[in-house]
Amino acid sequence: MPELPEVETIRRTLLPRVVGRRIADVEVREPRLRRRIPPSFAARLVGQRIDGIERRAKYLLFRLASGDAMVAHFGMSGTIVIHDAPAAPGQHDHVRLRLSDGSELVLNDPRRFGLLLLVSPGEIEDLPELRHLGDDPLQGDIRADRFAAALRRSRRPIKNLLLDQTVLAGMGNIYANEALFRSRIRPTRRAFRVRVAEAEDLLRAIRQVLREAVDLGGSSIADYRDGNGRPGYFQLRLQAYDRAGKPCVHCGATIRRVVQSGRSSFYCPKCQH
DNA sequence: AAATGAACCTGTTTGC
DNA sequence: TGCAAACAGGTTCATT
């Protein structure tokens, strides 16, 4: 579910409600996520103060006063919501963190593809999950020529390359499709066939679509919710994703769906080449 | 060695 | 109507 804009929205909504609070109690109701949550998790977390939340691509790092970090990833169906007061746990509420002000952070993830780790300061930069991440399109300065060079080196379809988190990190299926639609590049085109000027356009489109999606609080296709339990609104602006059979907003041609490496791609056969 | 497909899960939608 | 298949926002591992 959550791609960069959704994860950033969760970060922003949680931030003012957790910073400065201590973790008073931890309940792991279901430890079997992508990696099993170890028995030591709860005890190590209790008593720690949350100093901030950092985002790296689709990961959130809850910075703790001790220097430790709680790293969260939401897989396809996960989210973290904060409640003013403890509520009865719902289905798939796997981890509950009670904070010092009486509020409660809840990790919910029906498919359990998500991840929750507690790492000590020395381990953070060595985490395999974080170490291989490419540039975050909304952080730092990505050089367009470096991006173009990466495309030139690859024979795979451009869409697959955009989903590969080691090149650019943060895009998923929705925003890869949207960025390609905006830059009029067909998802099936091999990356090395994308011209330098087109690569520059594509990078601009990627940043633009991600920024707009963050501004609208992400996309709620089925059940995504932010840290306050509220939906995003970018799904109303989707021009390609999940629009197979519908008319292209530019030319009226029928949007097509193809499957690439097991993921759906959507494109306008007339606008995108 | 890059690149594809299967696997990991549960829930919802689609099609016969 | 009912049931099975297909599909879903992601990542990782095994296999070509």
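Every value quoted in this text rests on a predicted model; they were computed, and no experiment measured them. The figures that follow rest on heavy atoms only: side chains count, while hydrogens, waters and symmetry mates do not. Labels below follow one simple rule: chain letters A, B, ... track the order of the sequence lines, proteins then strands, and each chain is numbered from 1.
- There is no side-chain donor-acceptor pair under 3.5 Å between A/Y267 and A/T188.
- In the model, A/S120 has no side-chain atom that pairs as donor or acceptor with a side-chain atom of A/D68 under 3.5 Å.
- Position along DNA chain C of the nearest nucleotide to A/P128 versus A/R257 favours A/R257 as the more 5'-ward residue.
- Checking the phosphate oxygens (OP1, OP2) of B/dT10, a side-chain nitrogen or oxygen of A/R112 falls inside 4.0 Å.
- Side-chain N/O atoms of A/S264 include one lying less than 4.0 angstrom from OP1 or OP2 on C/dA8.
- In this model, the phosphate group of C/dG9 is not approached by any side-chain N or O of A/K58 to a distance below 4.0 Å at OP1 or OP2.
- With both pairing distances under 3.5 Å, B/dC9 is matched to nothing as a Watson-Crick or G-U wobble pair.
- Here the C1' atom of nucleotide C/dT12 and the NE2 atom of A/H132 are 13 Å apart, to the nearest Å.
- Going from atom CE of A/M76 over to atom P of B/dT10 covers 14 Å, rounded to whole Å.
- The CZ atom of A/F192 sits 10 Å away from the P atom of B/dA3 (whole-angstrom rounding).
- A/L4 places its CG atom 11 Å from the P atom of C/dT11, with the value rounded to the nearest Å.
- With centres under 5.5 Å and a plane angle under 30° as the test, the ring of A/F113 is not stacked against the base of B/dC9.
- In this structure, the CG atom of A/N177 is 15 Å from the C1' atom of C/dG10, given to the nearest Å.
- A/H73 and A/F113 have their aromatic ring centers separated by at least 6.0 angstrom.
- Under 4.0 angstrom from either OP1 or OP2 of C/dG9 there lies at least one side-chain N or O belonging to A/R263.
- Residue-environment remark: CZ (A/R32) stays at or below the threshold of 12 foreign heavy atoms within 6.0 Å.
- Between A/Q165 and the phosphate of C/dG10, there is no side-chain N or O to OP1/OP2 separation shorter than 4.0 Å.
- Here A/Q91 does not reach the OP1 or OP2 of B/dT10: none of its side-chain N or O atoms lies under 4.0 Å away.
- For A/N160, a side-chain nitrogen or oxygen approaches OP1 or OP2 of B/dT4 to under 4.0 Å.
- Nucleic acid contact for A/P5: none, since no nucleic acid atom lies under 4.0 Å from a heavy atom of the residue.
- Annotation: C/dG9 and B/dA2 have their P atoms spaced 27 Å apart (nearest Å).
- Using modelled atom types, one finds a donor on one side chain and an acceptor on the other under 3.5 Å when comparing A/Q48 with A/S66.
- A donor atom on one side chain and an acceptor atom on the other are not found under 3.5 Å apart for A/R225 and A/N108.
- Residue contacts for A/G172: at a heavy-atom cut-off of 4.0 Å it reaches the sugar-phosphate backbone alone, with no base atom in range.
- Phosphate proximity of B/dA2 to A/R155: absent, as no side-chain N or O sits under 4.0 Å from OP1 or OP2.
- Contact annotation: A/H73 side-chain N/O to C/dT11 OP1/OP2 distance is under 4.0 Å.
- Checking B/dT10, C/dG10, C/dT12 against the side-chain heavy atoms of A/Y59 singles out C/dT12 as nearest.
- Rounded to an integer number of Å, the gap from CG of A/L107 to P of B/dT10 is 15 Å.
- Taking the P atoms as reference points, C/dA5 lies 16 Å from B/dA7, given to the whole Å.
- Relative ring orientation between A/Y241 and A/F266 is described as perpendicular, the plane-to-plane angle rising above 60° on a 0-90° scale split at 30° and 60°.
- Taking 4.0 angstrom as the limit, A/Y241 places a side-chain polar atom (N or O) nearer than this to OP1 or OP2 of C/dG9.
- Taking side-chain N and O atoms only, A/R34 has no distance below 4.0 Å to OP1 or OP2 of C/dT11.
- Nucleotides C/dC7 and B/dG5 are separated by 14 Å at their P atoms, to the nearest Å.
- In this structure, A/S220 reaches the bases: a heavy-atom distance under 4.0 Å links it to at least one base atom across the strands shown.
- Remark: P of B/dT13 and CG of A/D242 are 12 Å apart, rounded to the nearest angstrom.
- As a whole-Å value, the separation of A/Y175 OH from C/dA8 P is 16 Å.
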